[in-house]
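Note that ligands are numbered from 1 as they come in the structure, with each ligand's atoms numbered from 1 the same way.
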Amino acid sequence: MPARGKEDMASLHSSGSPAGVDSDQLLVEANGSTRTLILNRPKQLNALSSAMIKELLRCFIAYQKDDGVKLLIMKGKGRAFCAGGDAAVGSQCILNVGWKWGADFFGNQYFLNYIIATSIKPQVSLLTGIVMGGGAGISLHGRFRVVTDKTVFAMPETALGLFPDVGASYFLSRLPGFYGEYVALGGARLDGAEMLACGLATHFVMSNRLPLLEESLKKVDTSNTFVVCGIIDQFAEHPSLKENSSLKRLEIINKCFSKRTIEEIISALEQVASNLVDEWVTTTIQSLRKASPTSLKITLRSIREGRTQTVGDCLRREYRMVCHVVRGDFSRDFFEGCRAILVDKDQNPKWMPPRLEQVHEEAVEQYFSRIDDPQWEDLNLPPRHSHGRNIESKL
Ligand SMILES: CC(C)(COP(=O)(O)OP(=O)(O)OC[C@H]1O[C@@H](n2cnc3c(N)ncnc32)[C@H](O)[C@@H]1OP(=O)(O)O)[C@@H](O)C(=O)NCCC(=O)NCCSC(=O)/C=C/c1ccc(O)cc1
């Protein structure tokens with residue numbers, strides 16, 4: 001993985017396709033001083049390819065220095081905003097080319113997440129439809145996150161043998177109480193109203209009004225966030241939480257997901273289930289039982305560490321973790337998860353080790369260590385000013 005100490009784009013095109021090839025996967029519309037970036041792989045639910053990540057990075061870096069660009073709008077074509085990194089192609093490339101392909105893919109993606117988190121130009125993401133994994137990474141670090149009545153958000157990586165990355169240990173660990181642990185471990189799906197209430201989203205707009213909002217935003221000629229916020233406010237609504245919303249169970253979530261270990265979390269949930277008939281508790285226990293035991297343990301530690309770290313620290317730590325995952329150093333659950341969920345689609349992954357008690361503390365510890373390879377380097381992120389904690393719960 002090349003160092004990223006400078007915002008140097010030369011290395012970004014060294015290992016992938018030449019600039020311009022696959023460029024239809026990301027469309028860019030210019031209107032005055034706004035740029036609309038459109039993810040354009042609707043058949044794959046806009047899953048992020050290596051080419052898309054490089055092109056997004058090129059755009060973001062160019063816009064930071066371009067006085068003619070004042071506002072960025074990000075959206076997806078079709079029924080999804082973005083269902084994550086392209087794990088189907090990615091896992092095959094890693095198997096065929098080697099783990100360094102994966103390290104390069106994730107290094108570029110996390111660098112993009114960092115540039116977004118520290119961007120001096122405001123970004124408005126129009127999050128309608130599916131927003132998962134890498135899709136959250138390219139939007140939730142930005143200043144404005146607009147959700148709709150059609151938004152379905154999740155960080156489902158523990159079901160895939162991975163862990164919530166793209167800076168999720170930063171943005172999930174800042175949610176109210178232990179809601180972040182709940183969302184990260186069980187891959188729970190949140191709707192637009194829930195995202196707004198917990199602070200992942202900044203605005204809720206009905207999906208049929210998004211085209212009008214977009215037209216208004218395209219006329220913006222300033223980077224002033226108060227002005228941009230004022231425009232979105234004109235379209236925004238304050239939806240109520242559904243009766244079965246997980247946010248109405250925050251007391252239970254805090255009690256159970258604050259436990260020190262996964263085993264204790266599950267046992268606390270089982271205790272609740274024995275005294276309360278609530279489908280939500282049963283579903284939550286089932287999701288945890290179905291996920292990769294290794295993923296669950298490294299995820300819990302990642303979210304806990306993220307609570308006190310900067311976004312850059314979180315991404316650097318996640319990069320170490322993901323390099324161990326793609327090397328298959330301690331477990332090959334990621335490859336098995338991609339096979340079961342995205343390639344063969346039998347939905348029946350065989351995790352190894354299969355049981356929580358077989359994932360020992362020493363194995364978890366190793367995911368947080370440097371990679372034992374003389375050519376490997378930590379993710380090198382340039383010092384930049386973050387626009388800070390912008391997760392504001394409305395509970
Ligand atoms: C619930 C979904 C989002 C929608 O379900 P659906 O409405 O029934 O639609 P389909 O599942 O039929 O999806 C339509 C198409 O999009 C494809 N797709 C849908 N998400 C994806 C997707 N993340 N990737 C690659 N094709 C996809 C999906 O395989 C399918 O392709 P095809 O069968 O050829 O029509 C479902 O597709 C789904 O669970 N997707 C996986 C979402 C997910 O776990 N995302 C976050 C984790 S992804 C991640 O962490 C990345 C890892 C990665 C690791 C290494 C790398 O090198 C690169 C990346």
Colleague: Output yes when a side-chain donor or acceptor of Ser295 lies under 3.5 Å from a complementary backbone atom of Leu162, and no otherwise.
Modeller: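 Yes, the answer is positive, given that a donor and an acceptor are paired below the 3.5 Å cut-off.
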
Colleague: Looking at atom 30 (C) of ligand 1, what's its closest protein heavy atom, distance included?
Modeller: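 So the nearest neighbour among protein heavy atoms is Lys345 NZ, 3.8 Å.
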
Colleague: Please list, in number order, the atoms of ligand 1 under 4.0 Å from a heavy atom of Leu162.
Modeller: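 Taking each heavy atom of Leu162 in turn, ligand 1 has 50 (O), 52 (C) under 4.0 Å.
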
Colleague: Can the ring centroids of His141 and Phe171 be said to lie less than 6.0 angstrom from one another?
Modeller: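 Yes; Phe171 has its ring centre under 6.0 Å from that of His141.
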
Colleague: Less than 4.5 Å apart, any side-chain heavy atom of Gln123 and any of Phe144?
Modeller: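 Heavy-atom side-chain distance check fails, nothing below 4.5 Å.
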
Colleague: Quick one: which ligand 1 atoms are inside 4.0 Å of a heavy atom on Leu342?
Modeller: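 Taking each heavy atom of Leu342 in turn, ligand 1 has 21 (C), 27 (C), 29 (O) under 4.0 Å.
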
Colleague: Kindly indicate whether atom 13 (O) of ligand 1 is approached by any protein heavy atom to under 4.0 angstrom.
Modeller: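 Yes; the ligand atom in question has protein heavy-atom contact below 4.0 Å.
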
Colleague: State whether any protein heavy atom lies less than 4.0 Å from atom 36 (C) of ligand 1.
Modeller: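 No; the ligand atom in question lacks any protein heavy-atom contact below 4.0 Å.
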
Colleague: Does Asp165 approach ligand 1 within less than 4.0 angstrom via side chain, backbone, both or neither, non-hydrogen atoms only?
Modeller: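 It is neither part, as no heavy atom is under 4.0 Å.
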
Colleague: Could you tell me whether Ala87 approaches ligand 1 through its side chain, its backbone, both or neither, with non-hydrogen atoms closer than 4.0 Å?
Modeller: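 Both of them.
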
Colleague: Heavy-atom distance from atom 39 (O) of ligand 1 to the protein below 4.0 Å?
Modeller: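 No; the ligand atom in question lacks any protein heavy-atom contact below 4.0 Å.
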
Colleague: Determine whether the aromatic ring centres of residues Tyr319 and Phe106 are separated by less than 6.0 angstrom.
Modeller: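 No: the rings miss the under 6.0 Å criterion.
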
Colleague: Do the numbers put Arg307 on top of the ring of Phe178, so that NZ or CZ is under 6.0 Å from the six-membered ring centre and no more than 45° off the axis?
Modeller: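 Yes, a cation-pi geometry.
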
Colleague: Taking the cut-offs as 6.0 angstrom to the six-membered ring centre and 45 degrees off its axis, would you call Arg301 and Phe368 a cation-pi pair?
Modeller: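 Judged by the rule (NZ or CZ under 6.0 Å from the ring centre, within 45° of its axis), Arg301 counts as positioned above Phe368.
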
Colleague: For atom 44 (O) of ligand 1, what's the nearest protein heavy-atom neighbour? Residue, atom name and distance, please.
Modeller: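 Nearest protein contact, heavy atoms only, for atom 44 (O) of ligand 1 is Pro156 CG, 3.3 Å.
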
Colleague: Looking at non-hydrogen atoms alone, which of Ala47, Pro42, Ala83, Ala103 comes nearest to atom 45 (N) of ligand 1?
Modeller: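 Shortest heavy-atom distance from atom 45 (N) of ligand 1: Ala83.
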
Colleague: Record the part of Arg79 in heavy-atom contact with ligand 1 below 4.0 Å; permitted values are side chain, backbone, both and neither.
Modeller: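 Arg79 to ligand 1: side-chain contact only, backbone stays beyond 4.0 Å.
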
Colleague: Only heavy atoms of Lys43, strictly under 4.0 Å: list the atoms of ligand 1 that pass.
Modeller: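 With Lys43 as reference, the close atoms of ligand 1 come out as 14 (C), 15 (C), 16 (O).
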
Colleague: Which ligand 1 atoms does Phe106 reach within 4.0 Å, using its non-hydrogen atoms?
Modeller: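 Heavy-atom distances to Phe106 below 4.0 Å select 53 (C), 54 (C), 55 (C), 56 (C).
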
Colleague: Using a 4.0 Å cutoff against the non-hydrogen atoms of Gln44, which atoms of ligand 1 qualify?
Modeller: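 It comes down to these atoms of ligand 1: 16 (O), 18 (N).
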
Colleague: Establish whether atom 24 (N) of ligand 1 and some protein heavy atom are separated by less than 4.0 angstrom.
Modeller: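 Flag for atom 24 (N) of ligand 1 set to true, protein heavy atom closer than 4.0 Å.
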
Colleague: Looking at Asn40 and Lys77, would you say the former's side chain and the latter's main chain have a donor-acceptor pair under 3.5 Å?
Modeller: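 Judged by distance alone, no pair lies under 3.5 Å.
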
Colleague: Check whether NZ of the Lys or CZ of the Arg Arg332 lies under 6.0 Å from the centre of the six-membered ring of Phe335 and within 45 degrees of that ring's axis.
Modeller: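 Geometry flag: set, cation within 6.0 Å and 45°.
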
Colleague: Just need the protein heavy atom nearest to atom 22 (C) of ligand 1, so name the residue and atom and give the distance.
Modeller: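 Its nearest protein heavy-atom neighbour is Gly85 O, 3.6 Å.
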
Colleague: List ligand 1 atoms under 4.0 Å from Phe334, heavy atoms only on the residue side.
Modeller: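 Counting atoms of ligand 1 from 1, those under 4.0 Å from Phe334 are 54 (C), 55 (C).
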
Colleague: Return a yes/no value for Arg189: is any of its N or O atoms, backbone included, closer than 3.5 angstrom to an N or O of ligand 1?
Modeller: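 In this structure, Arg189 places no N or O atom under 3.5 Å from an N or O of ligand 1.
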
Colleague: Tell me whether atom 9 (O) of ligand 1 lies less than 4.0 Å from at least one protein heavy-atom position.
Modeller: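 Under 4.0 Å from atom 9 (O) of ligand 1, at least one protein heavy atom found.
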
Colleague: Any idea which protein heavy atom is nearest atom 57 (O) of ligand 1, and the distance to it?
Modeller: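 Sorting protein heavy atoms by distance from atom 57 (O) of ligand 1 puts Gly90 CA, 3.0 Å first.
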
Colleague: Of the protein's non-hydrogen atoms, which lies at the shortest distance from atom 19 (C) of ligand 1, and what is that distance?
Modeller: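 For atom 19 (C) of ligand 1, the nearest protein heavy atom is Leu45 CD1, 3.8 Å.
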
Colleague: When you look for heavy atoms under 4.0 Å from ligand 1, do you find them on the side chain of Val326, its backbone, both, or neither?
Modeller: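 No part of Val326 comes within reach of ligand 1.
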
Colleague: Quick one: do Val322 and Tyr110 satisfy side chain to side chain contact (heavy atoms under 4.5 Å, CB included)? Show the steps, please.
Modeller: CA-CA 11 Å; Val322 87; Tyr110 298 178; 3.6 Å; yes

Colleague: Looking at Glu263, I'd like to know if its CD atom is crowded, meaning that more than 12 non-hydrogen atoms belonging to other residues, nucleotides or ligands lie closer than 6.0 Å.
Modeller: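 More than 12 heavy atoms, drawn from other residues, nucleotides or ligands, come within 6.0 Å of this atom.
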
Colleague: Near Arg189 CZ, under 6.0 Å, is it more than 12 heavy atoms from other residues, nucleotides or ligands?
Modeller: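 At most 12 heavy atoms, drawn from other residues, nucleotides or ligands, come within 6.0 Å of this atom.
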
Colleague: Looking at Glu279, I'd like to know if its CD atom is crowded, meaning that more than 12 non-hydrogen atoms belonging to other residues, nucleotides or ligands lie closer than 6.0 Å.
Modeller: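 Count not over threshold, so no.
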
Colleague: Measure the distance from atom 58 (C) of ligand 1 to every protein heavy atom, then report the residue, atom name and distance (to 0.1 Å) of the closest one.
Modeller: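 It is Phe105 CE2, 3.2 Å.
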
Colleague: Would you say atom 33 (O) of ligand 1 touches the protein, meaning some protein heavy atom is under 4.0 Å from it?
Modeller: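 Neighbour list for atom 33 (O) of ligand 1 includes protein heavy atoms (cut-off 4.0 Å).
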
Colleague: Inspect the contact between Lys100 and Asp373 and indicate whether a charged nitrogen and a carboxylate oxygen are less than 4.0 angstrom apart.
Modeller: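 Yes, Asp373 and Lys100 are salt-bridged.
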
Colleague: Side-chain donor-acceptor pair under 3.5 Å between Ser246 and Tyr179, yes or no?
Modeller: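 Yes, Tyr179 and Ser246 have a side-chain donor paired with an acceptor closer than 3.5 Å.
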
Colleague: I need the Thr151 OG1 to Leu196 CG distance, nearest 0.5 Å.
Modeller: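 Those atoms lie 10.5 Å apart.
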
Colleague: Distance under 4.0 Å to a non-hydrogen atom of Leu160: what atoms of ligand 1 satisfy this?
Modeller: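 The atoms of ligand 1 under 4.0 Å from a heavy atom of Leu160 are 47 (C), 48 (S).
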
